[in-house]
Amino acid sequence: MIEDPARQKALVESAQAGDRAAMNRLLETEYDRIYAVCRRIMGNDADAADGCQEALMAIVRGLGRFDNRSKFSTWAYRVATNSCLDEIRRRKRRPVPSDEVIDAAYTGQSHDSQTTDRMVVTAALDQLADDFRLPLVLRDIVGCDYSEIASLLDIPPGTVRSRIARGRKHLSKMIGNQNDSPAVIEPKRRLDEGRPPLQ
Amino acid sequence: MTNNSPNLPIEPDEVDAIDEQLSALADGELHGDEMVDLEQYAVDADTTLENLLHPIESVRSSLSATLDEPAPAANRMAHLSAALDQMDSPEVASLAAARVDRRSSEQAQLEKSQRLNQRLRRLSAVAAAVAVLGGIGLLALQPRGGDDTAAVGSAESDDAASDDGAASFDTEAARENEASATTTTRSFDDDDAMSDEDDGAMSDDAMEGDAMSDDAMEEADPAAVDLAESPTLFSVPDDIELQGLNLDELAAVGDSTVEQLRTDAEANELQCPVEAFAADQNSIGIDRAILVEQAGELFELVVLADEQLLVFTIPDCVLFD
């Protein structure tokens, strides 16, 4: 549940003063979204769990420096983003796409359409190389502008723009194909066999 | 570049300039000539930018919707617990303690400011009393006649306040004044114009801008300068007529000016030490006060708890009681 701004500000101030219950409330409120950010950045569930853990600890450690000028959630997502990017740099390896998610997404069983759509998007996103996935996530999920993304990823703004466009084009085709004709798509085989042809 | 090997991440194909521009447009990051080009492209393609943007907007909304996906419950409690444990780390604990200290300080400042504002809001209610007290003070002066003007002359003029002027307010007071020769404030009381407490209330140094302490207000300073020899210590405009104050003219200065005065006083930037001292109202028991603007001059009339009346000008001061 999202707190109203005044309530959230009060919680932040209490947490900054050392109130454990307030801190717990803040983290609980934002946990799902922080995890979601980490999940999209890290690219798989296992690494997302680690990234989320690091992110939450970083939020607690850094809350004393949060000045309440932006929303807590916005600030927390950025802290989470940085934590996850650090984690990726530390690991220096590409997360493995989550087969379970892809399977579940395409079988579509026991999920409503909204959930299935999210899983399809997540699966498609997971297939993208970090160079394309990260700018997309930072832009469309975290809400960073191009210059922020360029700074976070240490690439030129023009490259950010290009990679976001390419990533979107690819996702658009993936999602569009799935929505148009789910039965035709066999994502795991396609993943294993290579990228689906772009029109 | 496309990866065709199993399990390798996909690098999407290059996109043309139009796709890239549309993507940037969706993000509000397209400017200048490119925008014109894109609009022309839409016209040439017999469509609209909205139609061209539709697939991109669809992807954007799909991506942002993934933020609402519930997190797995498995690690939730462990994650939260581990994060909360960070609060016990010295770094976080010290930050929290520092923040609490700062909040306390800020709260104290706020309360002080609120007290000042409350006091000023009460001014209109006591304005009449202040004027009367001032009038009494003036009436006490008038019988001693013609040298008032000289006595209260310009602070910048060495000639403004003569020995005669100092004595003319009150014969007894002047006698005491000359005898003690230590005061830097001025009393207009008929009976005991210059009490011991008042003597030395402002030392020479204090008049030059140092903030005064309680002790300085209450203890005679044997080293203080001779009143008669230091006429520039006093500055009451020649034309001040407290009994003639129009109540409608009282408090003609807004709160912002008051606050600025306070700020300046607290920063010890005022030349008048009493002003600076009075800003700390708790230390001398200010009961009520009012700002008066008269003939382009700003005065602050302050009634102390012991019914003394302080009239402050900037940069000089005078004390009635």
Side-chain angles (χ1 to χ4, degrees), chain A residues 16-18 20 23-24 27-28 31-33 35-37 39-40 45 49 52-53 56-57 59-61 63-65 94 96-97 114-115 117-118 121-122 125 127-132 136-137 139-141 145-146 161-162 164-172 175-176 191-195 198, chain B residues 1-16 19-24 26-30 55-56 58-72 74-76 78-89 91-100 103:
Chain A
Q16 285 176 327
R20 211 177 174 89
M23 182 71 86
N24 186 52
L27 296 181
E28 272 198 332
Y31 181 84
D32 284 346
R33 289 185 162 217
Y35 180 86
V37 168
R39 174 65 181 80
R40 270 79 213 173
D45 289 329
C52 184
Q53 174 72 89
L56 292 171
M57 292 195 296
I59 288 168
V60 171
R61 286 194 300 268
L63 189 65
R65 290 182 287 273
R94 171 67 171 83
V96 178
Q114 211 171 27
T115 302
D117 288 347
R118 283 200 299 258
V121 173
T122 299
L125 195 60
Q127 296 166 26
L128 282 176
D130 286 358
D131 287 349
F132 298 89
L136 259 186
V137 171
R139 174 61 216 170
D140 289 338
I141 296 180
D145 61 29
Y146 284 8
R161 175 171 127 159
S162 168
I164 287 176
R166 290 172 66 183
R168 281 177 177 157
K169 185 86 172 178
H170 177 75
L171 285 184
S172 178
I175 298 168
L191 270 178
D192 292 345
E193 292 170 0
R195 179 186 61 81
L198 293 175
Chain B
M1 172 79 71
T2 299
N3 295 297
N4 292 319
S5 304
N7 291 327
L8 288 181
I10 294 171
E11 291 195 4
D13 287 341
E14 296 287 347
V15 295
D16 60 29
D19 285 331
E20 191 173 312
Q21 288 170 6
L22 284 169
S23 175
D27 291 331
E29 303 257 5
L30 190 70
I56 294 172
S58 176
V59 170
R60 294 182 73 215
S61 65
S62 295
L63 279 171
S64 62
T66 64
L67 201 55
D68 294 327
E69 189 175 283
N75 296 321
R76 188 185 191 97
H79 283 171
L80 291 171
S81 176
L84 288 174
D85 286 345
Q86 293 293 305
M87 293 186 77
D88 299 329
S89 72
E91 178 195 4
V92 174
S94 66
L95 270 175
R99 187 173 287 272
V100 168
R103 287 238 176 86

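Because the structure is predicted, anything quoted here is derived from the model rather than measured. A, B, ... follow the sequence lines: proteins, then strands. Residue 1 opens every chain.
- No side-chain donor-acceptor contact under 3.5 Å links B:R60 to the backbone of A:R168.
- A distance-only check finds a donor-acceptor pair linking the side chain of A:D32 to the backbone of B:A71 [under 3.5 Å].
- Side-chain atoms of B:D68 and A:R33, non-hydrogen and from C-beta on, do get closer than 4.5 Å to each other.
- No side-chain heavy atom of A:Q53 sits under 4.5 Å from any side-chain heavy atom of B:N75.
- Ranked by heavy-atom pairs shorter than 4.5 Å toward chain B, the options A:S162, A:A36, A:C52 are led by A:S162.
- Between B:H79 atom NE2 and A:L27 atom CG the span is 12.0 Å, to the nearest 0.5 Å.
- For a residue to count as touching a neighbouring chain, one of its non-hydrogen atoms must lie under 4.5 Å from one of that chain's; by this rule B:A78 touches chain A with the backbone only.
- Rounding to the nearest 0.5 angstrom, the gap separating the NZ atom in A:K169 from the CG atom in B:D16 is 6.5 Å.
- The OG atom of B:S58 sits 10.5 Å away from the CG atom of A:L171 when rounded to the nearest 0.5 Å.
- Taking 4.5 Å as the limit, every side-chain heavy atom of A:S172 sits out of range of all side-chain heavy atoms of B:I56.
- In this structure, chain B has heavy atoms under 4.5 Å from both the backbone and the side chain of A:R20.
- Ranked by heavy-atom pairs under 4.5 Å with chain A, the first of B:P55, B:S61, B:S23 is B:S23.
- Contact check on B:D19 versus A:R166 returns no salt bridge, with no Lys/Arg side-chain nitrogen under 4.0 Å from an Asp/Glu carboxylate oxygen.
- Interface remark: of the candidates B:D88, B:D85, B:L67, B:L67 forms the most heavy-atom pairs closer than 4.5 Å to chain A.
- The backbone N or O of A:Y146 sits less than 3.5 Å from a side-chain atom of B:E29, completing a donor-acceptor pair.
- At least one side-chain heavy atom of A:V121 sits under 4.5 Å from a side-chain heavy atom of B:L63.
- Residues A:M57 and B:A83 come closest through the heavy atom pair CG-CA, 3.9 Å.
- Atoms OH and CZ, from A:Y31 and B:R76 in turn, are 6.5 Å apart once rounded to the nearest 0.5 Å.
- The distance from atom CG of A:N24 to atom CG of B:L84, rounded to the nearest 0.5 Å, is 5.0 Å.
- Once rounded to the nearest 0.5 Å, the distance linking CG of B:D27 with CG of A:D145 reads 9.5 Å.
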